[in-house]
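Quantities reported herein were computed from a predicted structural model and do not represent experimental measurements. In what follows, chains carry the letters A, B, and so on, assigned in the order in which the sequence lines appear, proteins first and then strands, with residues in each chain numbered from 1.
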Amino acid sequence: MSDFLKELNTEQNNAVVHCDGPMMVIAGAGSGKTRVLTFKIAYLLRQGVDPFNILALTFTNKAAREMKERVIRLIGDTEGRNVWMGTFHSIFAKILRIDGHHLGYPSNFTIYDSDDSKRLIRQIINEKKLDPKLYSPSFVAHRISMAKSSLINAEDYANNPEIISADESARKPLIKDIYSSYTARLKRADAMDFDDLLFNTYILFRDFADVLYKYQLKFRHILVDEYQDTNHAQYLIIQKLAANTENICVVGDDAQSIYGFRGANIANILNFKHDYPDFKLFKLEQNYRSTKNIVEAANHVIAINKDQIHKTVWTENDSGNKIGFIKATSDNEEGQLVANAIFEQKMNHQLPNSAFAILYRTNAQSRSIEEALRKRNIPYRIYGGLSFYQRKEIKDLLGYFRLTINHNDEDALQRIINFPARGIGKTSIEKMVVAADEHDVNLWDIITHLEKYKVGVNSGIIKKAGDFSTMIKSFRAELKKKDAYEAAKHIAVSSGLLKLYREEDTPEGISRVENIEELLNAIKEFAEAGAESNEGDMASQGTLEEFMQDVALLTDADNEDEDKDKVALMTIHAAKGLEFPHVFIVGLEENLFPSIQSISTRTDLEEERRLFYVALTRAMEKVTLSHAESRYRWGQFTITEPSRFLEEIDEKLLERPKKVSMPGFSTSPKTSIPKPGPGFKSVNKTISKSVEMNFDASDTSALQSGMQVEHPNFGLGKVMAVEGNGANMKATVYFNGVGKKNLLLRFAKLKIIT
DNA sequence: TCCGATCTATTTTTT
DNA sequence: ATAGATCGGA
């Protein structure tokens with residue numbers, strides 16, 4: 001029966017068959033981590049464990065999907081389907097839809113994605129008449145998110161002296177109030193943000209012992225992938241769920257922890273020891289994926305980090321190729337050289353496009369690469385990036401679906417009440433929002449009872465708002481009568497959205513219509529697939545509600561052309577867990593990779609280095625590193641320096657640079673010459689990197705108005721004002737003979753004179 | 001209220 | 001560069 005175990009090495013085998021009690025698998029890159037997890041699930045099932053008793057948690061949808069497929073391949077469809085396998089967020093959302101009523105949430109609560117939460121935060125900041133420059137929605141959102149990930153609610157936040165003093169010294173003492181309003185508004189909208197899915201699950205388990213007990217009984221075997229990426233909330237939830245049986249198996253690799261920015265806590269790996277002193281540790285150190293050269297290069301890089309659990313990754317594979325190296329003069333040339341290299345290797349070795357991956361640090365880098373690939377007629381596919389579901393037209397239509405399903409979804413309501421235009425303008429909406437706050441009722445209550453709440457709008461508006469709410473109510477009725485596709489189509493048409501975009505008659509309008517049609521097709525498929533697409537024991541009827549529940553947690557719109565023969569383009573984060581024969585890591589430049597925000601502290605820099613490690617270890621046969629000497633960033637020409645990570649590659653493993661830098665390339669970049677007139681202000685963006693080699697810039701973090709400074713291009717000047725914080729710190733400087741300039745201190749090199 | 005012009009943040013990574 | 005937000009005039 002378990003002949004499939006023969007495919008495992010001893011250590012993998014031991015990890016698979018050990019099923020009782022807590023265990024941790026520390027798995028080096030390419031050591032067969034996913035294999036162990038999937039075989040373990042298969043093994044459990046073969047041992048007679050009920051699939052309903054197994055919970056497997058991953059971080060990404062992709063990983064969950066893949067694991068599911070592999071398990072099904074091993075042990076068949078029927079059993080595999082009933083295992084709860086999914087991302088933390090999707091599994092917890094499922095639990096909250098069933099049991100969230102204990103916390104006062106209906107089962108049709110809306111999930112706000114980060115865009116939606118940011119919109120809400122922005123709105124609250126506006127309502128509180130706070131300066132959105134000081135209280136930047138992104139910053140506030142991040143603060144709140146970090147707090148929630150650490151299970152600090154708004155009240156705890158306000159009562160935590162450390163947090164408050166940190167906010168105060170950042171001159172943002174009112175974040176606590178924004179947090180508190182934000183929480184209230186989410187609740188009022190019957191909505192949860194991503195962090196709430198974890199936070200509320202924790203609260204549910206903490207405060208409702210019987211609910212916790214139910215799930216403890218259900219999930220008798222818990223498996224967690226990428227354990228190094230768990231945050232505090234996830235850690236505690238797992239701990240609670242596993243408290244009964246302690247059949248918990250966590251798999252991870254501290255060297256691949258790359259989500260610290262989102263609250264991941266490597267210490268969770270260390271805490272495991274304390275929680276389960278009798279746990280069993282398995283170490284997978286043999287790499288099956290990569291050549292010796294790649295493994296060695298990666299080991300050499302990661303060894304530079306101080307924070308790590310010791311392990312020796314080794315391989316029996318051949319030495320293989322040396323690490324390739326490409327030096328380009330510009331980002332466009334980098335794209336061309338990479339495309340050429342792919343073309344060449346493809347031809348020389350008869351390789352499919354799918355053998356290649358191009359990895360970058362930021363999504364924005366894909367553009368120049370794409371262009372080059374297109375010119376070379378090399379088919380490619382971009383993973384991640386701005387998701388299909390984040391496009392405006394899709395969000396609009398989803399807004400109608402959301403409001404139809406959950407009338408209390410205020411974000412959806414505000415998004416669509418006047419789109420397409422219905423003559424309910426900004427002023428009227430504002431009045432309604434104010435009224436909602438005054439009476440502390442939901443916006444839907446207001447628009448359906450405008451007279452009762454004495455909202456000062458004219459009779460025309462009352463009529464229009466009435467029509468709108470009647471329409472939404474009629475959509476709800478459609479939902480009950482028709483299947484998901486029919487209902488969705490009806491909404492797209494009756495709302496006027498489809499018509500609006502059709503009439504636009506521009507290329508964008510056409511593409512928007514196409515996107516809407518694509519969404520409708522996806523819904524059609526979903527409806528037809530019915531039970532098929534849903535995991536676990538909750539049989540799906542293929543309703544629009546169910547579709548929307550899935551959609552909220554989808555980010556990468558994989559539309560099933562996975563196995564087409566294409567070069568893969570993605571961020572390194574998105575590449576985690578994947579492997580490719582040939583990997584190009586591009587944009588190895590200081591301030592890009594490592595990212596400029598990560599170079600100031602050791603822990604941040606080490607996370608970047610782990611990211612580099614992850615990138616290197618994606619490759620099976622060959623890695624090629626590339627960097628460009630100049631790059632357009634923020635639409636501005638920038639001179640770059642090679643990344644420090646390049647120097648961390650063992651030289652004997654590196655190919656000779658293919659291209660020697662052009663010696664004459666020291667001419668100053670064309671920084672736009674200030675012209676008199678209104679266009680003047682844009683100059684602040686032009687100086688990203690000083691051209692003067694010997695200019696000795698000062699640390700400007702303490703810059704204050706009144707100081708005398710010197711700028712390499714503009715000469716001497718006087719600081720008139722400083723605003724913003726950290727990376728967004730700006731200064732207004734009056735330069736002698738040049739005039740007033742706004743400088744982003746992150747970029748501008750200034751020497752402080754007095 | 002609507003429309004076009006101008007301003008502005010965005011670029012770290014994901015659920 | 002570029003999309004979205006904001007502003008100002010019709």
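- In terms of the ring-ring contact (aromatic ring centres under 6.0 Å, His included) criterion, A:F109 has no residue partners (sequence neighbours excluded).
- Between A:S114 and B:dT15 there is no side-chain N or O to OP1 or OP2 distance below 4.0 Å.
- Note: CG (A:L57) to C1' (B:dT15) measures 13 Å, nearest angstrom.
- Heavy-atom distances to DNA chain B give each of A:R122 and A:T571 a nearest nucleotide, and the one nearer the 5′ end belongs to A:R122.
- The pair A:D254-A:R610 fails the salt-bridge criterion, with no side-chain N (NZ, NE, NH1 or NH2) lying under 4.0 Å from an Asp/Glu carboxylate O.
- If you check every strand for non-hydrogen atoms under 4.0 Å, A:S149 touches nothing.
- The side chain of A:R367 contributes an N or O atom lying less than 4.0 Å from OP1 or OP2 of C:dT2.
- Looking at residues two or more places apart in sequence or on another chain, you find no ring-ring contact (aromatic ring centres under 6.0 Å, His included) involving A:Y501.
- Distance, A:L553 CG to B:dT15 C1': 7 Å, rounded to whole Å.
- For the atom pair OH of A:Y227 and CZ of A:F59, the computed distance is 10.0 Å after rounding to the nearest 0.5 Å.
- Spacing between atom NZ of A:K118 and atom C1' of B:dA9 amounts to 10 Å, rounded to whole angstrom units.
- Within residues 227-236 of chain A, no residue is approached by DNA chain B to less than 4.0 Å at the level of any non-hydrogen atom.
- If you measure from atom CG of A:N61 to atom P of B:dT15, you get 6 Å, rounded to the nearest angstrom.
- Note on A:Y259: only backbone sugar-phosphate atoms sit closer than 4.0 angstrom, heavy atoms only; bases stay farther off.
- Counting to the nearest Å, the P atom of C:dT6 and the CD atom of A:Q123 are 11 Å from each other.
- A:E590 places no side-chain N or O within donor-acceptor distance of the main-chain N or O of A:E641, the cut-off being under 3.5 Å.
- For A:D331 and A:R367, the salt-bridge test fails: no basic side-chain N is under 4.0 Å from an acidic carboxylate O.
- Looking at heavy-atom distances under 4.0 Å, A:F59 makes contact with sugar-phosphate atoms alone, never a base.
- Counting non-hydrogen atoms under 4.0 angstrom, A:I429 reaches nothing in the nucleic acid.
- Between A:Y383 atom OH and B:dT14 atom P the separation is 15 Å, expressed in whole Å.
- Note on A:D193 versus A:K148: salt bridge recorded, some NZ/NE/NH1/NH2 to OD/OE distance being below 4.0 Å.
- Separating the CZ atom of A:R422 from the C1' atom of B:dT1 is a distance of 15 Å, rounded to the nearest angstrom.
- In this structure, A:M146 atom CE and B:dT14 atom P are separated by 16 Å, rounded to whole Å.
- For B:dT10, its base never sits under 3.5 Å from the side chain of A:S138 at any donor and acceptor pair.
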